[in-house]
Protein chains: 2
Amino acid sequence: MARRQAASAGTSANEAAPPPEKRRRVRIKPEERYREFVSKAVELFAEVGFDAGTRELAQRLDVTQPLLYRYFPSKGDLISAVYKEIYLDRWKPGWSGMIEDESEPLRTRLQHFYEDYTETIFTPEWLRIYMFAGLRGVDINARYVVNVETDLLMPMARAVRRELGLDPDAPIRPEEVELFWTLHGGIFYYGVRKVVYGFACPIGKEQMIANAVAAFLDGAASVMRGFAAEDASAPTAPSTRRRSPGSRR
Amino acid sequence: MARRQAASAGTSANEAAPPPEKRRRVRIKPEERYREFVSKAVELFAEVGFDAGTRELAQRLDVTQPLLYRYFPSKGDLISAVYKEIYLDRWKPGWSGMIEDESEPLRTRLQHFYEDYTETIFTPEWLRIYMFAGLRGVDINARYVVNVETDLLMPMARAVRRELGLDPDAPIRPEEVELFWTLHGGIFYYGVRKVVYGFACPIGKEQMIANAVAAFLDGAASVMRGFAAEDASAPTAPSTRRRSPGSRR
DNA sequence: CGCATCATTTATCGATTGATAAATAAGCAC
DNA sequence: GTGCTTATTTATCAATCGATAAATGATGCG
């Protein structure tokens with residue numbers, strides 16, 4: 001917790017930094033600089049968090065700190081650019097189609113989807129920035145979570161319904177979405193343990209996905225059949241608060 | 001991102017803080033002060049993160065900032081005390097017994113356990129400090145994760161084995177632990193979405209647990225029977241790398 | 001080559017940080 | 001009440017933060 005101590009143990013003459021070291025000043029196209037900045041900012045913020053200093057970022061870029069303010073009016077704007085890079089640019093629109101495309105069996109589709117999805121998010125950059133952003137209280141994570149529901153979990157729910165011979169176009173119940181969240185969250189948390197907490201997971205990613213999907217699909221079937229039975233017995237007012245098969249009390 | 005601006009728009013005479021406001025100075029027993037400090041530090045660090053200032057903490061305690069350094073040699077020691085409060089003091093040793101006690105059906109036990117466990121961890125303080133600590137890279141989360149495995153997940157694995165008529169004393173395979181992690185992580189992530197990301201979960205905690213446990217127990221049964229079959233066909237070298245029933249490739 | 005543009009650097013400000021030393025006073029023992 | 005212990009405050013330091021203004025020089029165009 002001690003402050004960074006004086007780097008060189010030389011004469012602490014109180015004035016004049018030891019190595020003035022004329023800087024080498026190269027000019028680079030603005031667009032390329034911008035990309036450099038955002039890329040390194042993603043890396044730095046993922047390591048340290050959004051409290052990382054602009055001076056440290058400039059040092060990693062081999063540039064002076066005020067130059068950052070030519071490209072980003074404030075540190076907040078730099079952070080917004082980082083958000084965009086992680087949340088928007090790395091999202092693949094093909095994922096929802098991948099889940100609903102019926103040319104392969106459901107289990108295989110989910111396996112392939114989650115292998116691809118986790119290849120995107122199981123990196124220190126993605127996971128750590130996602131967690132840092134969530135803790136900062138910005139609404140971005142809440143919005144991302146909405147995307148996950150509409151573009152990933154609801155397609156999954158429809159796919160499972162087709163598999164079970166249930167109506168895929170009937171409105172998806174909140175309980176169903178929540179059920180798929182447990183699969184999604186379980187897989188997500190594997191990445192957090194491995195990548196963020198540095199925990200040595202003894203099982204490979206593919207095998208973990210295979211087991212999770214297998215167990216989930218088996219178990220979800222009966223639960224979702226239960227949901228459908230409830231809907232059939234009371235077809236009106238389909239959304240609000242009703243018992244689920246496993247719930248007591 | 002702008003720095004905190006001058007609180008009062010009065011005369012910025014450059015010197016002399018506007019309200020000297022003699023402080024009221026009450027003496028409190030050291031032990032009680034210590035508890036006060038840790039308690040408020042938990043609250044503050046959970047909100048802001050461990051970069052929260054010692055002055056802000058002192059202000060919330062209605063005390064001056066240097067007083068903190070009489071109780072904690074450095075800010076790092078304060079953080080350690082916060083860790084202890086969250087990770088150690090809030091862990092209930094009875095949980096593992098709760099899972100393995102066979103006086104109730106397994107599904108009921110898991111339901112009750114997770115209701116109790118989530119009552120402990122589904123608070124802003126617990127979840128946010130857990131995430132902040134994990135991102136700081138301290139080993140505490142990795143150690144906590146070991147505790148979860150040995151005291152929660154492995155008891156669950158044994159319980160399910162008994163349920164299925166399998167040998168509960170045979171060594172638990174890594175694949176099995178990993179399988180229970182998906183249940184645990186799925187439930188955990190519900191709390192993160194709700195408490196940390198502020199996402200409005202449409203389903204109550206109890207109902208979500210009920211559905212997750214029901215789906216998982218159904219699905220886990222077949223997967224774990226598959227594990228046992230593999231063990232039976234090759235009883236030696238039980239641990240390393242083998243196919244699981246759901247895995248392709 | 002000379003010149004203008006603008007990417008980059010130097011210098012610096014005011015605020016805030018963790019931490020230390022010394023002065024002060026609240027509360028208990030007598 | 002007197003006095004001692006020590007919990008608490010006042011004052012202050014050096015480092016670091018985000019941000020701004022002005023000086024500088026690399027590059028491309030004529």
Side-chain angles (χ1 to χ4, degrees), chain A residues 1-8 12-37 41 44-45 48-80, chain B residues 1-9 12-37 41 44-45 48-59 61-80:
Chain A
M1 205 52 32
R3 301 297 254 211
R4 174 146 49 250
Q5 62 187 3
S8 68
S12 66
N14 200 5
E15 293 287 344
E21 292 253 1
K22 262 295 177 61
R23 188 166 277 287
R24 62 164 219 273
R25 197 190 293 231
V26 285
R27 280 167 90 109
I28 297 186
K29 271 191 257 183
E31 317 88 57
E32 189 180 343
R33 252 314 177 223
Y34 185 91
R35 291 203 315 269
E36 265 187 22
F37 283 5
L44 177 63
F45 288 154
V48 188
F50 295 107
D51 292 316
T54 54
R55 281 171 179 81
E56 164 117 25
L57 175 57
Q59 190 175 4
R60 293 192 183 198
L61 286 157
D62 199 41
V63 175
T64 56
Q65 177 246 4
L67 185 58
L68 293 173
Y69 286 86
R70 185 170 181 87
Y71 292 84
F72 304 94
S74 77
K75 190 181 172 182
D77 294 274
L78 175 58
I79 293 177
S80 297
Chain B
M1 207 50 37
R3 302 298 255 209
R4 173 144 52 249
Q5 61 186 5
S8 69
S12 67
N14 200 5
E15 294 285 343
E21 292 251 1
K22 263 293 177 60
R23 186 165 279 288
R24 63 163 220 273
R25 198 188 294 233
V26 284
R27 281 167 89 108
I28 297 187
K29 272 191 255 184
E31 317 88 57
E32 189 180 342
R33 254 307 180 227
Y34 185 91
R35 290 202 315 270
E36 266 186 19
F37 282 6
L44 177 62
F45 288 153
V48 188
F50 295 108
D51 292 316
T54 54
R55 280 170 179 83
E56 163 117 26
L57 176 57
Q59 189 176 3
L61 286 156
D62 200 39
V63 180
T64 57
Q65 177 246 3
L67 185 59
L68 293 173
Y69 287 85
R70 186 173 181 86
Y71 292 84
F72 304 93
S74 77
K75 190 181 172 183
D77 294 273
L78 175 58
I79 292 177
S80 298

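Numbered from 1 within each chain, the chains take letters A, B, ... in sequence-line order.
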Taken to the nearest whole Å, CG/B:Leu57 to C1'/C:dG18 is 13 Å
Item to complete: Run the numbers on A:Arg60 and A:Glu56 for salt bridge (Lys or Arg N to Asp or Glu O under 4.0 Å), then give the verdict.
Response: CA-CA 6 Å; A:Arg60 293 192 183 198; A:Glu56 164 117 25; 3.4 Å; yes
Note to self: So A:Ala52, base contact, sugar-phosphate only, or nothing? Heavy-atom distance under 4.0 Å.
What the structure shows: sugar-phosphate
The reported gap from CZ in A:Phe37 to CD in A:Glu32 (rounded to nearest 0.5 angstrom) is 11.0 Å
Checking D:dT9, C:dA19, D:dC17 against the side chain of B:Thr64 (C-beta onward), the nearest is D:dT9
When rounded to whole Å, the CD to P distance for the pair A:Gln65 and D:dC17 reads 9 Å
*Between B:Arg55 and B:Gln59, is any pair of side-chain heavy atoms under 4.5 Å apart?*
no
Between CG of B:Leu61 and P of D:dT9 the distance, given in whole Å, is 11 Å
In whole angstroms, the gap separating C1' of D:dC17 from CD of A:Gln59 amounts to 15 Å
Within residues 27-35 of chain B, those residues having any heavy atom closer than 4.0 Å to DNA chain D are B:Arg27, B:Ile28, B:Pro30, B:Arg33
*asked:* Quick one, A:Leu78 and A:Thr54 - any side-chain contact, counting heavy atoms below 4.5 Å?
replied: no
In short, B:Ala52 meets B:Lys75 closest at the heavy-atom pair O-NZ, 2.9 Å
B:Phe37 atom CZ is separated from D:dA7 atom C1', nearest whole Å, by 10 Å
Strictly by modelled atom types, are A:Asp77 and A:Ser74 linked by a side-chain donor-acceptor pair under 3.5 Å?
yes
Rounded to whole Å, CZ of A:Arg70 lies from P of D:dA21 at a distance of 14 Å
Whole-Å distance, A:Tyr69 OH to C:dC6 C1', equals 21 Å
Answer yes or no: is there an ion pair linking B:Glu36 with B:Arg33, defined by an N-O contact shorter than 4.0 Å?
yes
Just to confirm, is there a sub-4.0 Å distance from OP1 or OP2 of C:dG18 to any side-chain nitrogen or oxygen of B:Thr54?
yes
Whole-Å distance, A:Lys75 NZ to D:dT16 P, equals 15 Å
* Mind checking B:Tyr71 for me? I need base, sugar-phosphate or nothing, with any heavy atom below 4.0 Å counting as a touch. => sugar-phosphate
